[in-house]
Amino acid sequence: MEPELPLVDHHCHSVVRRDLDRHAFEALLTEAPEPGTLGGSLFDSRIGLAVRRWCAPVLDLETHAPADEYLRRRTELGHTEVGRRFLGAAGLSALLVDTGFEPEPLLGLADLGALADAPAHEIVRLEQVAEQVLADGVSAAGFAASFRDRLAARTENAVGVKSVAAYRTGLDLAPERPSPAEVTAAAGRFLRAGQGRVADEVLHRFAIWCGVDLGLPVQFHIGLGDPDLNLRDADPLLLMPLLRALQPTGIPLLLLHNYPFHREAGYLAQVFGTVFVDIGLAAHNLGDRAGALLAELTELAPFGKVLYSSDAFGLPELYFLAATLFRRALDEVLTGGVEAGSWTEADAGRFRRMVAGDNARRVYFTS
Amino acid sequence: MEPELPLVDHHCHSVVRRDLDRHAFEALLTEAPEPGTLGGSLFDSRIGLAVRRWCAPVLDLETHAPADEYLRRRTELGHTEVGRRFLGAAGLSALLVDTGFEPEPLLGLADLGALADAPAHEIVRLEQVAEQVLADGVSAAGFAASFRDRLAARTENAVGVKSVAAYRTGLDLAPERPSPAEVTAAAGRFLRAGQGRVADEVLHRFAIWCGVDLGLPVQFHIGLGDPDLNLRDADPLLLMPLLRALQPTGIPLLLLHNYPFHREAGYLAQVFGTVFVDIGLAAHNLGDRAGALLAELTELAPFGKVLYSSDAFGLPELYFLAATLFRRALDEVLTGGVEAGSWTEADAGRFRRMVAGDNARRVYFTS
Amino acid sequence: MEPELPLVDHHCHSVVRRDLDRHAFEALLTEAPEPGTLGGSLFDSRIGLAVRRWCAPVLDLETHAPADEYLRRRTELGHTEVGRRFLGAAGLSALLVDTGFEPEPLLGLADLGALADAPAHEIVRLEQVAEQVLADGVSAAGFAASFRDRLAARTENAVGVKSVAAYRTGLDLAPERPSPAEVTAAAGRFLRAGQGRVADEVLHRFAIWCGVDLGLPVQFHIGLGDPDLNLRDADPLLLMPLLRALQPTGIPLLLLHNYPFHREAGYLAQVFGTVFVDIGLAAHNLGDRAGALLAELTELAPFGKVLYSSDAFGLPELYFLAATLFRRALDEVLTGGVEAGSWTEADAGRFRRMVAGDNARRVYFTS
């Protein structure tokens with residue numbers, strides 16, 4: 001392991017700007033909307049145990065300090081200092097921040113980057129832009145052009161876009177670019193329904209193709225997330241027809257999270273030249289099993305197709321914890337391979353640099 | 001490992017009351033309806049090898065005694081003595097017995113409990129009660145009320161109910177409580193069809209809600225079972241809408257077996273406050289891989305949400321084998337975590353007690 | 001490990017008859033249609049690393065020689081010598097060759113067998129025969145009888161048949177034998193469409209039943225393959241109704257590849273007496289993770305139901321690499337079990353012989 005290995009976190013969010021009691025902390029720790037009502041404290045799971053192991057010392061506590069002691073110390077230091085410590089200790093060389101989910105005021109990109117002492121770039125959430133265009137008043141027939149314009153403007157300084165179709169309609173998206181008439185009809189349905197949230201197969205698909213047309217890498221939420229999502233609809237294999245159709249564009253397609261479909265995702269990274277994968281969110285949720293997860297992901301995924309992300313949201317701990325666990329996982333896989341005679345130390349070094357940042361730089365900053 | 005750690009077996013059946021030749025023994029060993037016709041003796045799989053390793057000494061044989069020798073000794077001792085030895089050696093503190101599957105006369109609950117020297121409580125199978133109500137003569141319109149009454153009577157001394165919807169219609173159940181008109185229509189369909197087996201999405205769902213209304217924990221068959229079941233329809237992710245709808249009731253929902261969807265089940269245990277999981281049936285089928293299975297289950301499932309069950313049916317060996325393999329699996333996971341520095345010895349001891357019995361007692365005996 | 005343990009490769013193809021540059025080599029190395037366009041060289045994945053580790057010495061290079069050096073040496077030796085070396089070093093006692101996929105001229109069966117110093121038997125691809133019958137001119141009404149005749153003739157010296165329904169319609173096949181009227185209608189659809197490729201649920205099903213009627217073992221493509229296939233449709237659980245319906249025939253049914261659905265396949269091998277499984281194609285793609293894969297497959301699959309195959313196509317390396325990795329995987333599982341006390345050395349030796357060849361001989365040569 002090289003503790004100093006800087007990581008590009010190619011998908012994260014920002015941190016909350018408030019102190020947290022135990023209930024609020026546990027509510028932000030995982031995708032569970034709140035701590036287990038029947039005794040399933042999340043501190044009694046691998047992620048909570050990993051907080052006690054790895055985060056406690058950053059707050060000057062003993063390794064494995066009890067949860068309540070941890071929370072007391074956290075409050076004592078205050079959220080600003082906590083943020084400073086964990087972002088600073090994460091060892092990031094860049095953050096790519098999805099700004100499309102902000103259920104409460106979060107730290108701005110520049111401030112987040114300052115805490116991490118690394119540049120923070122924006123990833124624009126496609127569905128959010130579509131919802132804003134529709135909310136701002138547009139005719140059904142005018143939606144397509146307005147969306148294209150707005151997306152172009154919003155992404156002027158962004159490095160990629162993201163789709164959360166998995167949460168809305170699921171990933172069973174048709175491959176072809178929808179026709180203008182289909183987009184108009186879908187926008188009309190949305191406007192008539194008068195709801196705030198895009199959840200329409202045509203609109204997700206249209207927005208994805210628009211991102212591709214702008215030459216921007218497209219991130220896809222895949223696999224586990226909060227339980228609003230029907231996890232079965234977030235299987236990356238559902239996306240095969242669209243991924244196939246997008247191959248000729250040469251645009252990088254990034255499958256995020258992926259658990260428990262990470263072997264499926266690894267397969268897609270092997271067979272599709274433009275598909276990349278990560279284990280963000282999953283890695284820190286799995287705690288000391290992150291290495292087992294990365295080993296399974298890389299059964300098929302080439303090391304040139306694997307990226308690092310935290311998918312951290314809200315808690316500063318998660319930027320640090322995800323980075324720490326991922327470095328350990330990467331070392332477990334790569335050093336393990338050297339010890340088993342599967343590859344050389346030089347190979348391991350090269351793969352470490354690729355996964356830590358070179359792959360992300362190639363995807364986001366050289367196209 | 002603490003060999004003396006008593007376990008609450010929160011889901012099992014009872015034992016057969018006859019001696020068994022090799023064919024009959026193998027037919028009861030797994031979910032295969034009979035031993036492999038083309039040479040796939042089940043003794044040449046992990047479960048059979050685990051019988052030779054762990055069960056042989058209980059019958060005074062050498063560890064790894066050959067299968068035929070094992071069967072001879074078994075016959076020599078007779079099924080009563082065999083039952084006495086294995087149930088006695090299982091180290092159980094309570095048995096929760098699903099009484100709804102009895103293809104041949106089984107030992108009664110009191111006698112089973114006596115063999116195990118532990119109280120045996122009843123779990124009532126919802127579909128069996130529905131089938132009895134319909135068989136006993138009821139009008140379609142009268143079914144709902146009769147079922148409620150019968151279920152209340154049948155569960156007076158029971159500690160939970162169980163649904164086998166996975167075997168019948170699959171787990172793709174709508175979330176909402178069916179309307180009285182829907183229940184009447186479904187009962188009418190059943191009565192007209194004149195078959196003995198409930199396999200109707202509305203009736204499964206109705207029965208589950210009735211169990212919830214009685215305040216009883218609800219067990220769900222999930223994942224592997226006998227090959228009557230289309231395993232694809234037993235994916236716990238199909239149940240997400242219903243699990244979500246049942247959250248506000250606060251009723252414990254127990255996902256049984258789960259293999260090969262145990263990671264999916266672990267996810268559900270993390271994100272839904274009332275969902276609990278086990279690896280019953282799978283653990284003893286996997287033999288020495290039970291630890292790998294438990295490690296995967298607990299990637300996301302908090303230790304406060306994991307229970308022990310054997311799902312033993314027929315063979316006394318299975319109560320002992322499941323308990324032995326589960327204790328080893330639990331020790332592999334928990335001691336492994338201590339050795340890796342993931343948690344403390346004190347944490348491991350607490351998790352051991354939770355999984356072995358505290359979680360089950362909280363679910364079944366304190367609500 | 002017994003390096004000398006000869007293997008029956010019960011499913012492979014033949015080798016190409018030309019020299020290959022790096023691009024052409026990588027295009028044949030995995031199921032990816034071509035090397036990653038965005039930097040995902042397949043040499044930077046477990047299969048490529050396994051080539052450098054295991055294949056380089058066979059071409060007189062150092063272990064882990066760089067990819068370009070490997071390709072240079074390969075060209076220097078020429079494809080005939082390369083074929084001679086790798087087939088000779090694979091240690092095969094028989095090859096069962098699927099002759100139904102030949103996108104370019106491949107070595108004939110006799111020549112392939114001569115290189116391997118082992119008999120090469122034929123597996124006939126059902127869909128290819130159907131396509132030939134339809135292409136040769138037949139009426140819709142005459143198709144069924146013509147297909148039966150042609151299949152009987154084509155399989156006179158064959159040892160089995162294979163279906164690629166997974167690639168065409170997916171594995172969601174109805175269980176029952178289609179009626180003559182259904183077959184005629186399906187043939188009519190095919191003839192009217194005027195396309196070359198059978199992709200019709202009725203025709204796949206009909207062809208499978210015809211293979212069964214001839215008493216021939218039936219191989220099924222399952223799980224990973226090239227990305228033409230929608231992997232989700234290649235889940236072996238989709239095949240449960242048909243596997244169930246075929247049980248009474250007693251015909252061996254062989255599920256090939258299976259990754260990432262290998263646990264599901266292992267379940268099917270446990271519960272269905274006539275179902276056999278392998279990890280062909282997957283094992284060499286996973287490189288040093290082949291042992292982990294075999295361990296998961298055999299969680300439920302009895303050792304009497306597991307076969308070896310390479311699914312090698314095109315590259316002589318793959319016959320050798322698959323065999324080498326499988327021997328290591330088998331040793332990892334079996335010796336690991338002995339060391340853990342799970343079974344005896346004698347058991348391990350017996351299982352090794354069963355999996356290496358006895359199971360295949362029983363399936364293909366004694367029925």
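The chains referred to below are lettered A, B, ... by the order of the sequence lines, with proteins before strands, and numbering in each begins at 1.
- With a 4.5 angstrom heavy-atom cutoff, B:R232 touches chain C via backbone and side-chain atoms both.
- Interface remark: B:P260 contributes side-chain atoms only to the contact with chain C (heavy atom separation under 4.5 Å).
- Both the backbone and the side chain of C:E296 have a heavy atom closer than 4.5 Å to some heavy atom of chain B.
- Of the listed residues C:A346, C:G341, C:G250, the one with more heavy-atom pairs under 4.5 angstrom with chain B than any other is C:G341.
- Chosen from C:W343, C:F303, C:F276, C:F272, the residue pairing most often with chain B at heavy-atom distances under 4.5 Å is C:W343.
- With a 4.5 angstrom heavy-atom cutoff, B:D226 touches chain C only via backbone atoms.
- Both the backbone and the side chain of C:R263 have a heavy atom closer than 4.5 Å to some heavy atom of chain B.
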Give the intermediate values and the outcome of side-chain hydrogen bond (donor to acceptor under 3.5 Å, both in side chains) for residues C:Q247 and C:T274.
CA-CA 6 Å; C:Q247 288 309 294; C:T274 64; 2.8 Å; yes
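- Of the possible donor and acceptor atoms, one in the side chain of B:H257 sits under 3.5 Å from a partner among the backbone N and O of B:G280.
- In terms of modelled atom types and a separation under 3.5 Å, the side chain of C:S342 and the main chain of C:V338 share no donor-acceptor contact.
- Of the listed residues (C:G337, C:A301, C:A295, C:G304), the one with the most heavy-atom contacts under 4.5 Å to chain B is C:A295.
- Proximity to chain B is absent for every atom of C:F261, based on heavy atoms less than 4.5 angstrom apart.
- The residue among B:T63, B:D228, B:D233 with the most heavy atom pairs within less than 4.5 Å of chain C is B:D228.
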Please evaluate residues B:E26 and B:R22 with respect to the criterion salt bridge (Lys or Arg N to Asp or Glu O under 4.0 Å), reporting the C-alpha separation (whole Å), side-chain torsions for both, the decisive distance (0.1 Å), and the verdict.
CA-CA 6 Å; B:E26 285 203 44; B:R22 179 160 174 171; 3.0 Å; yes
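- Contact annotation for B:L286: both backbone and side-chain heavy atoms come within less than 4.5 Å of a heavy atom of chain C.
- With a 4.5 angstrom heavy-atom cutoff, C:A269 does not touch chain B via any of its atoms.
- The shortest heavy-atom contact between B:P33 and B:A27 is O-CB, 3.8 Å.
- Contact count versus chain C (heavy atoms, under 4.5 Å) is highest, among B:R52, B:E34, B:E31, B:R53, for B:R53.
- For B:L59 against B:R85, the heavy-atom pair with the smallest separation is CA-NH1, 3.6 Å.
- Heavy-atom distances place the side chain of C:Y267, and not its backbone, under 4.5 Å from chain B.
- There is no contact between C:D358 and chain B, counting heavy-atom distances below 4.5 Å.
- Using bins of under 30°, 30° to 60° and over 60° for the plane-to-plane angle, the ring pair C:Y308/C:F326 lands in the tilted bin.
- Residue with the most contacts toward chain C among B:L293, B:L229, B:I47: B:L229 (heavy-atom pairs, distance under 4.5 Å).
- With C:R177 contributing its side chain and C:F206 its backbone, the two residues share no donor-acceptor pair below 3.5 Å.
- Atoms OG and CG, on B:S163 and B:L256 in that order, are 10.0 Å from each other to the nearest 0.5 Å.
- When atom types are taken as modelled, the side chain of B:H23 and the backbone of B:F25 share no donor-acceptor pair closer than 3.5 angstrom.
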